[in-house]
Structure formats: structure tokens, C-alpha cells
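To start, the structure under review is shown below, and the notes come after it.
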Amino acid sequence: MALTATRLLDNYIDGEWTPAGAATDVLDVTNPATGEALARVPLSGGADLDAAVRAARNALPEWRAVSAIARARKLFELRERLVARQEELARSVTTEMGKTLVDARAEVARMIEMVEAACAIPTTMQGRVLEDVSRNIDAETVRQPVGVCAAIVPFNFPAMVPFWFLPFAIACGNTFVLKPSEQVPLTQHLAFEELDALGLPPGVVNLVNGGREVVEGILDHPGIDAVSFVGSAPVARIVYERAAKAGKRVQALGGAKNHMVVMPDAVIDKTVEGIIGSAFGAAGQRCMAGSVVVTVGDAHEQLIPPLVEASRALRVGDGLEESSDVGPVISCAARDRVRDWISRGEASGARVVLDGRGASADPNGSYVGPTILDDVRPEMDIAKEEVFGPVLCVIRAPTLDEAIGVVNRSRFGNGTSIFTESGASVRRYRHEVQAGMVGVNIGVAAPVAFFPFSGWKDSFLGDLHAHGTDAVDFYTRKKTVTSRWFSSGQGSGTYFVER
Ligand code: NAD
């Protein structure tokens with residue numbers, strides 16, 4: 001076993017790297033590929049959070065007074081800084097989270113696109129005006145920042161998910177508090193080094209490491225106006241209810257069980273590629289990972305043999321090695337949970353046609369190999385609950401109607417895909433399916449910075465989705481101003497009487 005790491009991470013509060021309070025508990029951050037301890041992360045307390053919130057509140061007037069164009073220019077600079085450290089960020093993602101470098105590079109590219117989308121704020125934050133809403137009277141809606149905004153994020157996208165929120169929040173003139181996942185705090189430490197170098201007014205961005213205590217502090221703190229959460233469904237519900245009760249604006253993105261429907265006319269080799277990338281990429285630890293294939297009619301016979309064969313050929317190993325196709329899951333506890341899920345699926349009658357329970361690229365790593373369970377029925381727990389590992393269930397449906405029924409009976413509705421060359425099938429599917437993100441011959445309907453992203457049903461609580469145009473709505477309050485000018489020489493106008 002590796003020696004315990006000595007490096008203890010700091011928080012970033014009020015423009016300074018700041019040690020967490022003295023009584024704080026500490027966790028090891030480990031590389032899931034090797035079990036090596038990388039650093040130690042403090043589980044900060046209420047006083048640390050309070051210092052961050054106070055700094056953020058104090059920074060609000062100064063930051064709001066910075067012009068939208070100047071705020072956008074800070075983001076242009078941030079973009080350049082992140083691009084310069086792109087590879088380092090990707091390696092950090094792989095080292096602390098486990099996904100392959102190819103995957104981590106794609107994640108960091110998406111992170112940077114979020115900054116690029118936020119650079120458009122002088123355009124996207126514009127309000128609306130109607131001249132002569134009444135004679136010589138004008139009405140306009142302007143957008144103003146909400147205040148202090150916080151985000152609580154999961155382990156599976158250490159670079160990208162925090163950036164679904166941070167760039168848009170500060171672009172709109174808000175100040176920000178981030179609570180990274182305590183399992184993967186290192187990548188945001190790097191990102192905050194670059195935020196620090198921007199010379200923003202102290203307190204505009206703050207980072208508080210920690211776990212449940214910091215989360216609960218965020219939900220209750222009267223100095224926080226808006227909360228974004230991404231993580232598992234049960235915690236999303238706690239966050240949504242508690243933050244709303246405290247009067248905050250809140251969006252909570254939760255867990256998933258994503259279905260991929262394969263029609264008999266699908267292009268099988270491309271479909272196999274798409275399904276493999278979706279089910280086994282990031283070792284199945286994406287909220288958009290496809291974890292159930294629903295084969296329609298004789299698609300089953302065409303798809304399953306090549307799918308199993310190609311999945312068996314995937315190489316499990318350390319994500320830093322270019323030869324690895326599937327990295328470890330996040331921890332040994334996660335590995336044991338995923339193995340247990342496979343056994344439960346088997347016990348409930350599913351047939352294990354590819355078994356990853358025995359995979360091990362390193363005795364100290366937390367590996368599970370690609371696993372496929374056939375003959376799964378929709379009522380089995382393995383078909384209904386989120387496993388969050390490289391485990392793919394196969395369900396058969398006689399018709400597209402039945403397949404849509406299987407998908408829509410799930411309590412989750414994060415993402416879904418259909419593989420077919422039929423426009424008519426796609427039209428039916430996209431029209432009827434109950435999910436927030438839909439892929440057509442795309443295995444992972446991944447977030448696109450310039451569009452809103454979220455699921456439906458138990459995968460999301462709130463109304464405004466993450467990034468895209470919804471981010472501007474989430475991070476601004478609308479104010480409508482009605483005005484007339486008596487000395488304009490156009491008469492005074494009669495409000496509400498003469499239109
Ligand atoms: P998690 O819910 O365990 O943790 C998410 C965050 O909540 C972390 O910052 C953690 O510190 C905090 N937290 C955990 N338990 C808490 C509790 N009891 N009270 C208060 N705070 C708590 O999620 P995770 O394991 O880090 O991430 C994986 C989950 O996130 C999966 O369910 C996945 O589907 C989901 N996810 C969803 C999306 C989406 O867009 N819908 C995106 C990424 C991940």
C-alpha cells in the first residue's frame with residue numbers, strides 16, 4: 001500500500017488560499033487505479049463556509065459594478081489559462097477519478113466550452129424593451145445578478161460539472177461558492193489557481209472543501225441566494241427541499257437509469273460502438289451512461305453477439321495508460337457495491353453473458369470489468385436502480401411502442417438514445433419519450449455548453465436546467481421598469497388609461 005500523502009489541501013476564500021478551521025476532519029484522496037494516496041482533503045466546518053459566504057457577499061457590489069464586457073474579458077482570459085493547462089487538468093481528472101485520459105481530455109474540452117459560452121454574456125444577458133407600451137411610456141425588463149450562488153458537485157466530472165455553473169454565475173455579476181466532491185478535490189484546486197491568477201476582486205469565487213456539513217450549511221445559510229446541485233437522486237431531493245424551504249433559488253440534478261433503444265434497422269457496427277462508449281466509458285460512471293439496452297424485435301439477434309464480443313475485447317486498466325479502454329470505478333467501496341449489484345441481478349434471473357466481477361488490473365485499484373446481463377426484465381431491481389458502474393442490462397421488447405413503455409415507466413428521465421435509420425421511428429421516439437436529453441444514433445447525449453442540459457422526473461428537481469440559455473435565467477433576476485419623461489416634448493403619456 002502507498003504511504004499516506006502529506007499534502008493537505010486549502011480552501012480558497014476571499015482571494016486567499018486558506019487552511020480549513022482547526023477542528024476539521026481530514027480524508028485521503030486516492031488514485032482509484034492504484035490505491036495511492038494523492039493528498040488529504042479537509043472536511044471543513046460551518047465557520048469556513050461562513051467566511052466564504054461573507055467574502056462573497058462583500059464582493060457583490062464591486063463585482064456587479066464591473067461592466068458585462070469586462071467580466072466577459074476575465075472569462076476570455078480564464079479560457080486561455082485553462083487551455084494552457086488542458087493536459088495537466090486532464091491528467092488530474094484521470095488520476096483522482098479514474099476515467100481514461102481520452103475521456104478526461106474530452107471532459108476538460110467541455111469544461112472550457114462552458115467558459116466560452118459564458119463569454120457571450122454581453123449578448124445573452126440582454127433584457128427586452130417595448131417602446132410605447134402606453135402612449136409615450138416605455139416598458140423594459142433588465143436582468144440583474146441574483147447574489148451569492150453556490151454549487152455542490154459530484155465525483156464523476158471533477159473538471160466539467162463545477163463549470164456548468166461557475167463561469168455563468170460570475171459572468172452574470174454574481175459571486176460564487178463551490179463545494180467540490182471530497183472524493184476528487186484536486187482538479188478544482190488547479191482550476192482555482194487559474195481563477196486566482198485572474199485578479200478578480202477578492203471573494204468573487206470561493207472554494208470550500210468538505211462533505212455533508214458544508215452542504216447542509218449551504219442549504220441553510222441566509223447569505224446564499226441560489227444553489228445548484230449535481231449528484232445522486234436521494235441527495236438531490238434533500239438539497240431541493242431544504243434549500244427551497246430556506247427561500248433559495250435551486251436546481252438539483254440527480255441520478256439516472258438511461259435506456260438505449262435499438263431498432264432492427266439500426267446500423268449494427270456503429271450501434272455497438274455507441275453502446276460500448278455509453279455503457280463502459282468512464283466505467284459507467286456518467287449520469288448519461290446508457291445502462292439498459294432495449295432491443296426491438298430481431299434487433300436482439302443482430303446486436304448482442306457483436307456487442308458481447310467487442311465488450312469482451314475492452315482492456316481494463318489504469319486510465320493514464322493509453323492502452324486502457326476502461327479505468328477503475330471511484331473507490332473500493334464502489335467496486336464492491338457494483339459487484340454486489342451484478343450478483344443481485346443474476347440472483348433475480350438475469351443471465352450474465354459478460355462478467356467483469358473478477359477484473360483486476362492492480363490489486364490496490366478498484367476495478368470492475370465490462371459486464372452484460374441479458375434476459376433482464378423491467379421489474380427487476382437491476383433494471384430500475386442506478387448501479388453507476390460498467391454494467392449493461394438487456395431487455396427485449398417486441399415493438400417500438402413497448403420499448404417506449406419500458407423507458408417511460410422508469411422513475412428516472414435523464415437521457416436516452418435510439419439507434420435506427422428510420423425517421424418515422426425517431427419522430428415517434430423523440431416526441432413521446434420522457435427524458436431531458438435524447439440521442440439519435442448517439443450513445444451519450446452529452447452536455448453542450450450552448451444548450452440547456454438536464455433530465456426530467458427523479459433525475460431533476462427544479463425548472464431551469466444547467467448552462468446554455470437556462471444558466472442566464474437561473475443566474476439573473478428580472479426587473480421590469482416602466483417609464484415616462486415629462487420634459488421630452490412628446491406629451492406626458494397616460495399610464496393605464498390610454499393605450
Ligand atoms: P453524491 O450524491 O453522493 O454526492 C454529490 C455531492 O453531495 C457531493 O459533493 C457530496 O459531498 C454531497 N453529499 C453526499 N451525500 C450527502 C448527504 N447525505 N447530505 C448532503 N450532501 C451530501 O453523488 P456522487 O456519488 O458524488 O456522484 C454520482 C451521482 O451523481 C450519480 O447518481 C450520478 O447519476 C449523479 N450525477 C448526475 C448528473 C446529472 O446531470 N443529472 C451529473 C453527474 C452525476
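Nothing here was measured: the structure is a model prediction, and the numbers come from that model. Counting convention: from 1, in listed order, for ligands and their atoms alike.
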For [X], the ligand 1 atoms whose distance to one of its heavy atoms is below 4.0 Å:
X	value
Trp164	40 (O)
Cys287	34 (O), 36 (N), 37 (C), 38 (C), 39 (C), 40 (O), 42 (C), 43 (C), 44 (C)
Phe453	40 (O)
Asn156	43 (C), 44 (C)
Lys179	8 (C), 9 (O), 10 (C), 11 (O)
Glu386	31 (C), 32 (O), 33 (C), 34 (O)
Ile152	6 (C), 7 (O), 9 (O)
Leu253	39 (C), 40 (O), 41 (N)

* Would you sort out whether Asn258 and Thr416 count as a side-chain contact (heavy atoms from CB on, under 4.5 Å), showing the intermediate values? => CA-CA 5 Å; Asn258 303 316; Thr416 186; 5.8 Å; no
Check whether any N or O atom of [X], backbone or side chain, sits under 3.5 Å from an N or O atom of ligand 1, and answer yes or no.
X	value
Phe388	no
Gly254	yes
Phe155	yes

* Using the ring of each side chain (for Trp, its six-membered ring), is His189 parallel, tilted or perpendicular to Trp17, with breaks at 30° and 60°? ->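 His189 and Trp17: parallel rings.
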Starting from [atom], what is the nearest protein heavy atom, named by residue and atom, and what distance separates them?
atom	value
atom 27 (O) of ligand 1	Pro154 CB, 3.2 Å
atom 12 (C) of ligand 1	Val215 CG2, 4.0 Å
atom 13 (N) of ligand 1	Val235 CG1, 4.0 Å

* Neighbour count >12 (heavy atoms, 6.0 Å) for atom CZ, Arg315 ->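 Yes, because the 6.0 Å sphere around CZ of Arg315 holds more than 12 heavy atoms from other groups.
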* Phe451 CZ: over 12 foreign heavy atoms closer than 6.0 Å ->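 No, not enclosed.
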* Of the listed options (Ala289, Ala466, Ser232), which comes nearest to atom 2 (O) of ligand 1 when hydrogens are ignored and any heavy atom counts? ->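 Among Ala289, Ala466, Ser232, the closest heavy atom to atom 2 (O) of ligand 1 comes from Ser232.
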* Shortest reach to atom 19 (N) of ligand 1 by a heavy atom, considering only Lys257, Arg212, Met160, Glu182 ->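 The option holding the nearest heavy atom is Arg212.
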* So, for Gly327 and Ala283, which heavy atoms are closest and what is the spacing to 0.1 Å? ->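 Closest approach of Gly327 to Ala283: O-CB, 3.6 Å.
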* Val329 and Pro32: which non-hydrogen atoms are nearest, and at how many Å? ->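 Nearest heavy atoms, Val329 then Pro32: O-CB, 3.2 Å.
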* **side-chain contact (heavy atoms from CB on, under 4.5 Å) partners for Arg242, two or more places apart** =>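 With neighbours one apart ignored, the set is Glu216, Leu219, Asp220.
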Can you tell me if [X] has a non-hydrogen atom under 4.0 Å from ligand 1?
X	answer
Gly455	no
Phe460	no
Phe157	no
Val153	yes
Val161	no

Once you restrict to heavy atoms under 4.0 Å, what part of [X] touches ligand 1? Side chain, backbone, both or neither.
X	result
Gln285	neither
Arg286	neither
Ile238	neither

Taking [X] first and then [Y], would you say they form a salt bridge - that is, a charged N and a carboxylate O separated by under 4.0 Å?
X	Y	value
Arg110	Glu116	no
Arg477	Asp225	no
Arg286	Glu107	no

* Asked: With a 4.5 Å limit on heavy-atom distance, are the side chains of Val407 and Gln434 in contact?
  ->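 SC-SC contact between Val407 and Gln434 ruled out.
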* Asked: Are His465 and Trp456 close enough that their ring centres sit under 6.0 Å apart?
  ->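 No, the ring of His465 stays outside the 6.0 Å limit from the ring of Trp456, centre to centre.
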* atom 4 (O) of ligand 1 protein-contacted, heavy-atom criterion under 4.0 angstrom ->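 There is no protein heavy atom less than 4.0 Å from atom 4 (O) of ligand 1.
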* Decide whether a cation-pi geometry holds between Lys99 and Phe157; the criteria are a distance under 6.0 Å from NZ or CZ to the six-membered ring centre and an angle within 45° of the ring axis. =>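 Lys99 over Phe157 ring: yes.
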* Answer yes if the side chains of Asn206 and Tyr12 hold a donor-acceptor pair under 3.5 Å, and no otherwise. =>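 There is no such pair (donor and acceptor under 3.5 Å, judged by atom type) between the side chains of Asn206 and Tyr12.
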